A.B. asks: 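Starting off with a structure, shown below.
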Amino acid sequence: MRIDLRGAIVPDGEQWIYDWYGIPAVSPKRIMQQIDKAISSNEKELIVNINSPGGSVYAASEIWTHIKKFSGDSVAEITGVCASAASIIAMATKRTVIAPVGALMIHNASTIAQGDYREMEAMKQLLIKTNEAIMQTYKVKTKKSYDELKKMMDAETWMNAQQAVEHGFVDDIMFTEDVEVVASAQMAQDFGSNGLLPKAVIDKMRKLLARDPNLVVNNNVSLTSEQEAVEGEEKLMDVKELESKHPDVVEQIRNNAKEEAIAAERQRIQEIENIALPGFEEIVNKAKFETGMTAAETALQLLNAQTQQRTTKLVNIQQDASLLNGIEGHDAPTNNDDNEIDALVNKVLGNGVK
């Protein structure tokens, strides 16, 4: 049985993103399904075709482990480049061969980290231990010492077919005829030295799904052992199927949606409070906690309530004024202040007193 290991080596949870963009990639689950089928079918030989710039060390380790479980004959055929984490997988088979124009590269494990000196020291130790684990797989195949392998990994060593055989990483060159070598590093230029998509692209896809949970995803990653992927075939995955096969992605979508909903609700309530008017608390409270109206809708309702309130006041004033219409009119009173003063003086002093 032949299985292809082409493109970047990625974790299971990221395989569908590469499928979405149509970028060659392989994850442990995809390889393990095919190996399980070979084991259940009592296949006598397993051929692993490798053309990969590498990727996740831990994903490669998982694939390496599963290849080791195959009890029949196994051979790794390096038909193009076998670099970084992909070189670990090439060490898993009983025999490794390489095309005349093939290349193999080994280097130190690397990662991106942040934090204080303690976290940096912890990450340093993790990388050292990871390098030691990788060297162990190389040591079994090449019989080289740790010191030799460390120097090669520190130097990021590229080997052509002949050099890979001389260093013991490969058992034989696949063809005997001479072939002119024309090397191309286009894949490394497009995606990075290990063929992985930039983290920004991965994050962008996750945010896209968070904004639109009903997005239909092109995916042929999670196939059963009886249903292998056919190259070029597209499989439509709806939300229900995505939830079943990628629960971690769905959970992240839900969490993102929840956070965005909470932020939007807080902003809505704040906007309503900013336009609240004294005397209209009932409308404001209903908008905030019952009806779910937007600030614009609430403002319109407040305006209508204000208009109605003013109209009612005007009607009441007119009704109160109508009572004055029943009072009869009279002549305006004359100014008799002087006569009243004279009468008061005569009353006090008596008439005719001078």
Side-chain angles (χ1 to χ4, degrees), residues 7-18 20-21 23 25-29 52-65 83-89 91 105-139 145-158 185 187-211 246-267 270:
I9 302 167
V10 300
D12 291 330
E14 296 179 4
Q15 174 76 69
W16 65 274
I17 298 177
Y18 288 80
W20 171 277
Y21 282 106
I23 299 172
V26 63
S27 60
K29 186 174 183 179
S52 169
S56 168
V57 171
Y58 299 117
S61 175
E62 197 172 358
I63 295 173
W64 180 92
T65 302
S84 189
S87 65
I88 300 172
I89 298 173
M91 305 296 104
M105 185 271 280
I106 63 173
H107 66 169
N108 289 326
S110 63
T111 189
I112 298 174
Q114 64 179 16
D116 63 17
Y117 71 95
R118 296 167 298 178
E119 292 167 314
M120 294 298 100
E121 180 62 29
M123 184 55 64
K124 171 186 173 182
Q125 294 303 320
L126 175 61
L127 291 174
I128 291 174
K129 295 298 182 184
T130 301
N131 283 344
E132 291 175 353
I134 294 172
M135 283 189 285
Q136 178 61 34
T137 64
Y138 295 157
K139 185 175 184 296
S145 68
Y146 283 114
D147 287 340
E148 289 178 289
L149 292 169
K150 184 178 184 302
K151 289 178 181 178
M152 294 181 72
M153 292 173 67
D154 286 343
E156 187 175 298
T157 302
W158 281 90
M187 181 181 290
Q189 293 173 2
D190 290 344
F191 306 121
S193 61
N194 57 4
L196 292 174
L197 282 173
K199 188 175 184 297
V201 175
I202 300 292
D203 292 341
K204 183 177 180 180
M205 282 301 302
R206 297 194 187 282
K207 289 179 181 178
L208 176 63
L209 274 179
R211 289 195 301 269
H246 301 286
D248 55 334
V249 175
V250 175
E251 183 64 22
Q252 184 173 1
I253 292 171
R254 287 174 176 164
N255 291 337
N256 290 343
K258 181 179 179 181
E259 291 175 1
E260 290 180 3
I262 292 174
E265 180 63 7
R266 287 175 177 168
Q267 182 177 355
Q270 184 61 56

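Positions are given from 1 along the sequence. Keep in mind that the numbers below use all heavy atoms, side chains included, and drop hydrogens, waters and symmetry copies. Quantities reported herein were computed from a predicted structural model and do not represent experimental measurements.
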A.B. asks: Enter the distance from K139:NZ to E132:CD here, rounded to the nearest 0.5 Å.
C.D. replies: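 The distance works out to 13.0 Å.
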A.B. asks: Side chains of M91 and I88, heavy atoms from C-beta outward: is any pair under 4.5 Å?
C.D. replies: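 The answer is no; the side chains never approach within 4.5 Å.
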A.B. asks: For a quick test of reading the model, state the closest non-hydrogen atom pair linking I9 to S52 and the distance between them.
C.D. replies: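 Scanning both residues, the minimum pair turns out to be CG1-OG, 3.7 Å.
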A.B. asks: What's the shortest heavy-atom distance between M120 and G115, and which atoms?
C.D. replies: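 Shortest heavy-atom contact: CE-N, 3.6 Å.
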A.B. asks: OH/Y138 to CE/M153 distance, rounded to the nearest 0.5 angstrom?
C.D. replies: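 Result: 5.5 Å between the selected atoms.
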A.B. asks: Let me confirm one number: the CG-CG distance from N131 to D154, rounded to the nearest 0.5 Å.
C.D. replies: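 Taking CG in N131 and CG in D154, the distance rounds to 7.5 Å.
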A.B. asks: Under the criterion side chain to side chain contact (heavy atoms under 4.5 Å, CB included), I'd like the reasoning laid out for Y58 against T130: C-alpha separation, chi angles, the key distance, then a yes or no.
C.D. replies: CA-CA 9 Å; Y58 299 117; T130 301; 3.7 Å; yes
A.B. asks: Would you say the side chain of V10 lies within less than 4.5 Å of the side chain of S56, judging by non-hydrogen atoms?
C.D. replies: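 With C-beta onward as the side chain, the pair stays apart.
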A.B. asks: Sub-3.5 Å donor-acceptor pair from the side chain of T65 to the main-chain atoms of S61, do we have one?
C.D. replies: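 Flag set: sc T65 to bb S61 pair under 3.5 Å.
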A.B. asks: Locate the shortest heavy-atom distance separating I134 from A109; write the atom from each residue and the value.
C.D. replies: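 Closest approach of I134 to A109: CD1-CB, 4.4 Å.
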A.B. asks: Got more than 12 heavy atoms from elsewhere within 6.0 Å of CD, Q125?
C.D. replies: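 Enclosed.
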A.B. asks: Looking only at non-hydrogen atoms, find the nearest pair between P11 and A59 and report the distance.
C.D. replies: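 For P11 versus A59, the nearest heavy atoms are N-CB, 4.3 Å.
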A.B. asks: Using 0.5 Å steps for rounding, measure from the NE2 atom of H107 to the CE atom of M152.
C.D. replies: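 Between H107 NE2 and M152 CE, I get 13.0 Å after rounding to 0.5 Å.
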A.B. asks: Could you grab the distance from atom CG of L149 to atom CD1 of I106, nearest 0.5 Å is fine?
C.D. replies: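 Spacing of CG (L149) from CD1 (I106) equals 6.0 Å.
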A.B. asks: What heavy-atom pair brings A85 and A60 nearest, and what distance separates the two atoms?
C.D. replies: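 Residues A85 and A60, closest heavy atoms: O-CB, 3.5 Å.
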A.B. asks: Quick check for you: to the nearest 0.5 Å, what is the distance between L127 atom CG and T111 atom OG1?
C.D. replies: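 Output value for this atom pair is 6.5 Å.
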A.B. asks: Between Q15 and S27 (side chain of the first, backbone of the second, donor and acceptor by atom type, cut-off under 3.5 Å), is there such a pair?
C.D. replies: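 Yes; judged by distance alone, with no hydrogens or angles, the pair exists.
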A.B. asks: May I ask you to decide whether K151 forms a salt bridge with D147, counting only side-chain N to carboxylate O separations under 4.0 Å?
C.D. replies: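 A salt bridge is absent here (no side-chain N lies under 4.0 Å from a carboxylate O).
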